[in-house]
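Step one of this worksheet: look at the structure below.
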Amino acid sequence: MAAQTHYEDLHRIPEVSGKEYKTAEYIHKMLQSFGYTPVRIAETGVYADLITDENAPWLLLRADIDALAITEETGLVYSSEHPGCMHACGHDAHSAMLLEAARILKNEKVPQNIRFLFQPAEETTKGAAEVIACGAMPENTAACFAMHLWPGVEKGRVTTSENAMMASSDVYRVRISGKSVHCAKRESGRDAMHTAVDIASALYAQSEILQKKDTILFCGSIHSGESHNVVPNSAELYGTIRTFSPAEQADCRAWLTKTCAAAAEKHGTTAEVIWDGGSPPLCGSKEIIHALQEILPELDTDAVRTYAAEDFAEYLQYAPGVMLWVGIGDTQPLHSKDFVIPADILPAGVRIWTKIAMRNWQEIL
């Protein structure tokens with residue numbers, strides 16, 4: 001089966017993060033048909049191993065598999081069969097290309113062990129950490145690779161960056177607890193809403209400063225109160241932090257925690273900061289990039305960094321690696337209801353995967 005067939009099959013059955021049951025079953029079945037012994041991981045993840053020598057190092061080749069809660073309006077004959085859900089970020093294509101590479105490589109003598117990992121829940125930025133915790137990375141993983149089809153880059157161009165190319169992502173919730181009283185006796189209450197307003201005001205002032213450091217400190221939701229004349233006893237802020245520096249990421253987290261504590265103390269409330277998923281900035285290995293350019297001479301290092309996040313960065317905390325962007329031209333943006341990839345790009349991704357796998361990385365790492 002060609003990558004196009006896998007792509008169309010997977011495009012029809014999109015599933016949101018953590019619910020990729022049919023997707024995982026399809027991938028499992030295909031890997032079995034190629035002669036692998038697939039393993040389920042983190043409930044909806046799948047991996048398969050190609051072992052050349054038990055003592056040899058490993059390459060980890062990763063594709064994401066989850067979809068988005070978007071109603072598809074592409075008009076494709078193989079459109080989503082799941083109402084309200086579609087593959088609008090190309091994860092169906094990523095999985096299809098890696099599946100086809102796994103089929104081809106099964107009959108090749110590869111110079112190192114390879115794990116083909118199909119990861120769930122990338123869109124939540126939680127999936128990578130979950131599968132890693134479940135043992136997705138072999139102990140002696142030498143290098144990790146991932147690929148993303150990328151709009152706005154000339155079709156067929158392959159690019160990456162020797163610096164941070166995708167931002168960190170921290171998702172936070174601030175839960176504030178106070179004491180309700182009638183507004184006529186507000187002095188005897190503990191105003192959760194006032195606490196939230198103070199935090200939000202400080203946050204917006206700080207965000208203006210951080211913009212100069214290419215950092216986003218953002219609050220997208222504030223909820224508090226149910227009545228026009230009652231001091232609210234609870235409030236919640238919900239937002240994100242995006243940076244290109246691990247140090248700046250740590251500083252922003254510390255600043256938010258300290259600011260919330262100070263506002264709560266001022267108003268006699270409590271404020272709990274809950275970190276709900278996230279990932280570090282994505283920074284590839286210069287050594288691996290230079291080695292890749294020997295087998296992929298078309299590989300450029302001019303990727304324009306983006307505040308979008310990618311949890312592939314989690315793997316790079318344990319082993320060196322690279323994320324490649326494969327250009328798909330002037331398509332609709334990622335996460336659009338009418339996002340469609342050019343079908344003729346799939347063979348290019350398969351070719352990249354096979355070249356990476358056949359390179360002897362033991363000579364370098």
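Computed from a prediction, not measured in an experiment: that's the story for all the values here. Just so you know, residue 1 is the first one in the sequence shown, and it goes up from there.
- Evaluation of the side-chain hydrogen bond (donor to acceptor under 3.5 Å, both in side chains) rule for Thr125 yields no partner, not counting sequence neighbours.
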Show which side-chain atoms of residues 356-365 pair as donor or acceptor with protein atoms under 3.5 Å away, not counting sequence neighbours.
residue	atom	partner	partner atom	Å
Arg359	NH2	Glu294	OE1	2.7
Asn360	OD1	Gln362	N	3.0
Trp361	NE1	Ile356	O	2.8
Gln362	NE2	Pro111	O	2.7

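- Between Ser79 and Met86, every side-chain heavy-atom pair lies at or beyond the 4.5 Å cut-off.
- Taking the side-chain hydrogen bond (donor to acceptor under 3.5 Å, both in side chains) definition, one finds that Thr37 meets it with nothing, sequence neighbours left out.
- His267 pairs by the side-chain hydrogen bond (donor to acceptor under 3.5 Å, both in side chains) definition with Asp198, not counting sequence neighbours.
- Salt bridge status for Asp92 with Arg12: absent, with no side-chain N to carboxylate O gap under 4.0 Å.
- Partners of Trp58 according to the ring pair (Phe, Tyr, Trp, His ring centres under 6.0 Å) rule, which considers only residues two or more places apart in sequence or in another chain, do not exist here.
- The residues Arg351 and Glu298 are annotated as salt-bridged, a charged nitrogen and a carboxylate oxygen being separated by less than 4.0 angstrom.
- Looking at residues two or more places apart in sequence or on another chain, you find a salt bridge (Lys or Arg N to Asp or Glu O under 4.0 Å) between Asp302 and Arg157.
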Please list, one pair per line, the donor and acceptor atoms closer than 3.5 Å that link side chains of residues 308-323 to other protein atoms, with sequence neighbours excluded.
residue	atom	partner	partner atom	Å
Glu310	OE2	Arg62	NH1	3.3
Glu310	OE2	Arg62	NH2	2.7
Glu310	OE2	Phe312	N	2.9
Asp311	OD1	Arg62	NH2	2.8
Asp311	OD1	Gln119	NE2	3.2
Asp311	OD2	Gln119	NE2	3.0
Asp311	OD2	Gly127	N	3.4
Asp311	OD2	Ala128	N	2.9
Tyr315	OH	Gln119	OE1	2.7
Gln317	NE2	Ala313	O	3.0

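- The salt bridge (Lys or Arg N to Asp or Glu O under 4.0 Å) check on Arg40 picks up Glu25, with sequence neighbours excluded.
- Take Tyr238 and apply the ring pair (Phe, Tyr, Trp, His ring centres under 6.0 Å) test, not counting sequence neighbours, and it matches no residue.
- Residues satisfying the ring pair (Phe, Tyr, Trp, His ring centres under 6.0 Å) criterion with His11, sequence neighbours excluded, are Tyr7, Tyr78.
- Checking Ser17 against Thr124 by side-chain atom types alone, no donor-acceptor pair falls below 3.5 Å.
- Looking at residues two or more places apart in sequence or on another chain, you find no side-chain hydrogen bond (donor to acceptor under 3.5 Å, both in side chains) involving Ser33.
- With a 4.5 Å cut-off on side-chain heavy atoms, Phe118 and Thr23 do not count as touching.
- For residues 153-175, no residue pair satisfies the ring-ring contact (aromatic ring centres under 6.0 Å, His included) rule, not counting sequence neighbours.
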